[in-house]
**Student:** 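I have a structure here, written as structure tokens, and I will follow up with some questions on it.
Both backbone and side-chain heavy atoms feed into the values below; hydrogens, waters and symmetry mates do not. Nothing fancy with the numbering, it's 1 onward along the sequence. In this text, all values refer to a predicted model and were calculated from it rather than measured experimentally.
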Amino acid sequence: MALYSEKVMDHFRNPRNVGVIEDADGVGEVGNAKCGDIMKIYLKINDDVIEDCKFETFGCGSAIASSSMATELIKGQPLSKALELTNKAVTESLGGLPAHKIHCSVLAEQAIKRALRDYYDKNGIDYDHELLADKDAHEEGEEEE
């Protein structure tokens with residue numbers, strides 16, 4: 001059995017939505033000191049819909065694929081839908097990730113949540129702080145490397 005699914009390899013080799021949105025409405029950046037991955041997500045929001053999203057990721061293939069898939073899952077969606085995005089949805093959409101790479105999908109979820117928090121904070125919009133709180137990758141069943 002291959003370590004990575006075809007979808008993971010496709011999103012790694014042909015990442016979607018790579019780049020920067022200079023006038024982004026929300027920006028979220030996260031990193032993992034243990035593995036060195038860094039993700040930055042940019043959101044362009046219009047009428048409570050994610051009109052565009054881009055990412056910059058420095059990291060392994062799983063990190064790049066997770067960023068690419070996460071942006072695909074929220075692009076064109078209302079903010080309410082983006083708020084529901086979980087690392088499990090990212091992982092499932094990629095056809096799975098090895099257990100020691102689940103933290104990559106957690107980082108993608110966290111970067112989006114931070115970008116949404118940034119948007120809400122910049123615009124003085126109240127939000128559920130618990131809903132947008134960062135989660136620990138180890139809470140998701142990641143095994144120690």
Side-chain angles (χ1 to χ4, degrees), residues 1-46 48-122 127-145:
M1 182 172 130
L3 185 59
Y4 296 106
S5 71
E6 281 300 315
K7 259 197 182 164
V8 170
M9 295 307 295
D10 181 41
H11 278 268
F12 166 63
R13 290 183 183 124
N14 308 293
R16 284 66 152 178
N17 308 309
V18 175
V20 175
I21 298 175
E22 293 296 337
D23 60 343
D25 296 308
V27 179
E29 185 171 2
V30 294
N32 182 314
K34 185 176 177 184
C35 69
D37 292 339
I38 300 169
M39 290 182 188
K40 195 168 190 176
I41 302 276
Y42 303 85
L43 301 177
K44 191 68 178 167
I45 299 167
N46 189 14
D48 284 338
V49 173
I50 298 174
E51 195 172 82
D52 196 12
C53 54
K54 302 269 186 223
F55 77 91
E56 294 179 297
T57 294
F58 178 84
C60 66
S62 294
I64 293 166
S66 292
S67 301
S68 176
M69 180 56 78
T71 59
E72 283 287 279
L73 291 171
I74 66 167
K75 190 173 185 176
Q77 297 297 318
L79 296 180
S80 58
K81 197 80 166 154
L83 288 167
E84 296 172 1
L85 183 73
T86 65
N87 73 293
K88 289 180 183 179
V90 173
T91 301
E92 287 171 6
S93 295
L94 286 170
L97 288 170
H100 67 284
K101 293 294 183 179
I102 294 295
H103 70 276
C104 296
S105 64
V106 174
L107 286 175
E109 176 188 342
Q110 288 176 337
I112 288 169
K113 285 183 176 180
R114 286 192 183 178
L116 289 168
R117 280 196 322 238
D118 182 50
Y119 168 73
Y120 290 140
D121 289 342
K122 283 179 181 174
Y127 60 91
D128 182 344
H129 291 267
E130 193 166 312
L131 182 65
L132 290 178
D134 291 337
K135 66 166 91 169
D136 182 6
H138 294 286
E139 291 175 9
E140 295 303 309
E142 177 187 353
E143 297 174 17
E144 291 292 325
E145 291 180 23

**Student:** Return yes if a side-chain donor-acceptor contact under 3.5 Å exists between Tyr42 and Glu22, otherwise no.
**Tutor:**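 No, no side-chain donor-acceptor pair sits under 3.5 Å.
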**Student:** Does a side-chain heavy-atom distance below 4.5 Å link Leu85 with Gln77?
**Tutor:**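 No. Closest side-chain heavy atoms not under 4.5 Å.
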**Student:** Does Ser5 use its side chain to pair, donor to acceptor, with the backbone of Leu94 at less than 3.5 Å?
**Tutor:**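 At least one qualifying donor-acceptor pair exists.
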**Student:** With respect to Asp52, which candidate in Arg16, Lys75, Lys44 satisfies the salt bridge (Lys or Arg N to Asp or Glu O under 4.0 Å) definition?
**Tutor:**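 Of all the options given, the one that passes is Lys75.
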**Student:** Return the minimal non-hydrogen interatomic distance between Lys101 and Cys60, and the atom names on each side.
**Tutor:**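 What the structure gives for the nearest pair is NZ-SG, 3.5 Å.
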**Student:** So for atom OH, which belongs to Tyr127, do other residues, nucleotides or ligands contribute more than 12 heavy atoms lying within a distance under 6.0 Å?
**Tutor:**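 It does: Tyr127 OH has more than 12 such atoms within range.
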**Student:** Assess whether salt bridge (charged side-chain N to carboxylate O under 4.0 Å, His left out) is satisfied between Asp118 and Lys122, documenting all intermediate values.
**Tutor:** CA-CA 6 Å; Asp118 182 50; Lys122 283 179 181 174; 3.1 Å; yes
**Student:** Taking side chain as C-beta onward, heavy atoms only, is Val18 less than 4.5 Å from Phe55?
**Tutor:**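 They are in side-chain contact.
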**Student:** Taking all atoms of both residues into account, what is the closest heavy-atom pair of Ala82 and Ile50, and its distance?
**Tutor:**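 That closest heavy-atom pairing would be CB-CD1, 3.5 Å.
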**Student:** Which heavy atom of Met39 sits nearest a heavy atom of Ala63, and at what distance?
**Tutor:**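 Looking at all heavy atoms of both residues, the closest pair is CE-O, 3.4 Å.
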**Student:** Please give me the minimum heavy-atom distance between Ala70 and Val90, naming the atom from each residue.
**Tutor:**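 Nearest heavy atoms, Ala70 then Val90: CB-CG2, 4.0 Å.
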**Student:** Nearest heavy-atom pair of Ile64 and Pro15: which atoms, and what distance?
**Tutor:**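 Between these two residues, the closest heavy atoms are CG2-CB, 4.1 Å.
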**Student:** Minimum heavy-atom separation for Ser66 and Ser105, please, with both atom names.
**Tutor:**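 So the two residues come closest at OG-N, 3.6 Å.
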**Student:** Walk me through it: do Asp10 and Val8 pass the test side chain to side chain contact (heavy atoms under 4.5 Å, CB included)?
**Tutor:** CA-CA 5 Å; Asp10 181 41; Val8 170; over 6 Å; no
